[in-house]
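To start, the structure itself, in structure tokens.
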Amino acid sequence: MIEAARKQLAYARPLCRLVVNGTDITAAVEKRLVELTLTDNRGMEADQLDVALSDHDGKLAIPPRGAELRLWLGWSDSGLVDKGTFTVDELEHSGAPDTLSIRARSADLRGDLKTRREQSWHATTLGAVLSAIASRHNLKPQVEASLAAVPIAHLDQANESDANLLTRLGHEHDAIAAIKAGRLLFMPVGGASTAGGLALPHVTLTREDGDQHRYLEADRDSYSGARAYYYNPGSTKKQEAIAGADGNLKDLRHSYADREAALSAARAEWTRLQRGTATLSYTLAKGRPDLVPDQTFSLTGVKDEIGALIWLGRSLIHSYRPEAYTTSLELESQLPDEQIADLLDSGEGYTGVRAYYRDASGQQKYEMSGRGGNVLRLKQLYSGQAAARRAVEREWSRLQNDEEHTSRS
């Protein structure tokens with residue numbers, strides 16, 4: 001299977017185009033290129049471009065910091081894809097053999113976004129806060145409607161940059177905050193769209209597409225839930241809001257202005273913990289420049305447990321050399337759209353099990369065993385009805401066996 005993929009590569013040649021401060025240097029770079037690596041991150045973490053060039057003859061000029069690089073990647077049989085603009089902020093010359101290493105980061109995250117500010121908001125909405133931040137950076141806000149409507153009783157930006165504040169708001173609301181193509185994007189994790197507002201397409205991969213994979217399923221520190229603290233007006237007594245089940249709780253360090261803000265942050269953290277219980281690394285033998293983080297993926301032909309789930313992109317690494325171009329994906333299990341980070345789930349006395357799946361049209365539906373009432377909702381989003389049905393039957397059987405064992409003992 002992998003051999004078939006390699007044969008396909010024989011008919012296509014990897015392509016790269018690199019422009020520095022408006023000047024195309026592709027021809028000069030390809031003769032000296034050791035490796036080019038693009039790390040494409042989700043959210044406000046800056047994308048990073050690393051270029052290693054051979055300086056065997058000592059004739060390479062070291063470019064100035066602040067130079068602007070624009071990169072395209074692709075294949076001779078499908079063309080080039082624009083991967084964005086980056087600003088050089090780190091240079092290194094080493095040897096022997098003499099090598100010039102250039103590191104650049106996405107230009108959108110430089111400048112005033114890193115400037116520390118002091119500001120407070122009262123009795124407003126998350127959408128209004130994000131619009132204010134976008135306005136002072138000449139960005140167009142593109143905020144998902146349900147997130148825009150979230151009420152904000154009080155929010156302090158104390159000696160904090162706008163970039164850091166956007167990251168913090170994203171964490172507190174389990175959302176992706178990103179700046180792309182002159183827009184400030186703020187979307188639910190797994191529900192992001194392109195800068196033009198179009199939904200990111202779902203991607204199906206097969207065993208034949210890849211060279212390597214690594215699947216990991218683990219309990220993340222065995223946390224039962226997440227806890228955030230807040231203070232009621234006029235009171236100095238610390239209150240708590242809990243998402244998940246009481247027990248081994250992960251405590252959030254930040255204290256919040258009211259219960260709603262604390263609960264939202266606790267739910268977001270609990271959701272992140274559950275999303276990370278299953279992870280998948282997958283390297284594509286033929287690089288895919290069209291892929292971006294926060295797309296959803298299916299992978300068939302490896303193991304049934306892997307193929308049963310919908311996967312969510314976390315980061316991508318594009319590795320290019322003149323003779324080869326690969327893409328490495330870091331994925332985590334996608335969660336259903338339904339809010340599963342409920343306040344204080346006792347985790348006992350379940351009357352049924354429910355699992356959500358994505359049908360052929362992209363809609364989310366569910367399969368269920370047992371009956372309604374105190375229903376255990378499985379964490380992962382499944383790739384089809386059959387996979388969801390197998391999961392609920394397996395889990396319902398396990399719960400019934402546990403109950404029988406408990407009653408006998």
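From a predicted model like this one, the values you see are computed outputs, not experimental measurements.
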Do Leu38 and Tyr320 come within less than 4.5 Å of each other through their side chains, counting heavy atoms only? no
For Arg103 and Asp50 the tightest heavy-atom approach is NE-OD1, 2.6 Å
Heavy atoms, side chains only, cut-off 4.5 Å: are Glu367 and Tyr382 in contact? no
Does any non-hydrogen side-chain atom of Ile176 lie less than 4.5 Å from one of Leu185? no
Would Arg70 and Asp82 count as a side chain to side chain contact (heavy atoms under 4.5 Å, CB included) if you check the C-alpha gap in whole Å, the side-chain angles of each, and the deciding distance to 0.1 Å? CA-CA 8 Å; Arg70 188 170 180 181; Asp82 187 352; 2.4 Å; yes
What orientation do Tyr215 and Trp311 show, parallel under 30°, tilted 30 to 60°, or perpendicular over 60°? perpendicular
Quick one: are Ser264 and His173 in side-chain contact, heavy atoms under 4.5 Å? yes
A side-chain contact here means heavy atoms from C-beta on lying under 4.5 Å apart; do Pro14 and Trp75 qualify? yes
Are the side chain of Arg389 and the backbone N or O of Met368 linked by a donor-acceptor pair below 3.5 Å? yes
Please assess Asp162 against Arg136 for the test salt bridge (charged side-chain N to carboxylate O under 4.0 Å, His left out), listing each intermediate value before the final yes or no. CA-CA 10 Å; Asp162 284 345; Arg136 62 188 176 211; 2.7 Å; yes
Tell me whether Asp89 is salt-bridged to Arg65, with the criterion being a basic N under 4.0 Å from an acidic carboxylate O. no
Within the structure provided, determine whether Glu68 and Thr85 are in side-chain contact (heavy-atom separation under 4.5 Å). yes
Taking the side chain as everything from C-beta on, heavy atoms only, tell me whether Asp304 gets closer than 4.5 Å to Arg390. no
Stepwise, does the side chain to side chain contact (heavy atoms under 4.5 Å, CB included) test hold for Leu205 with Arg288? CA-CA 11 Å; Leu205 302 171; Arg288 290 278 301 271; 4.0 Å; yes
Please assess Arg267 against Asp174 for the test salt bridge (charged side-chain N to carboxylate O under 4.0 Å, His left out), listing each intermediate value before the final yes or no. CA-CA 8 Å; Arg267 281 176 164 163; Asp174 195 37; over 6 Å; no
So CD1 of Ile25 and CG of Leu18: to nearest 0.5 Å the spacing works out to 4.5 Å
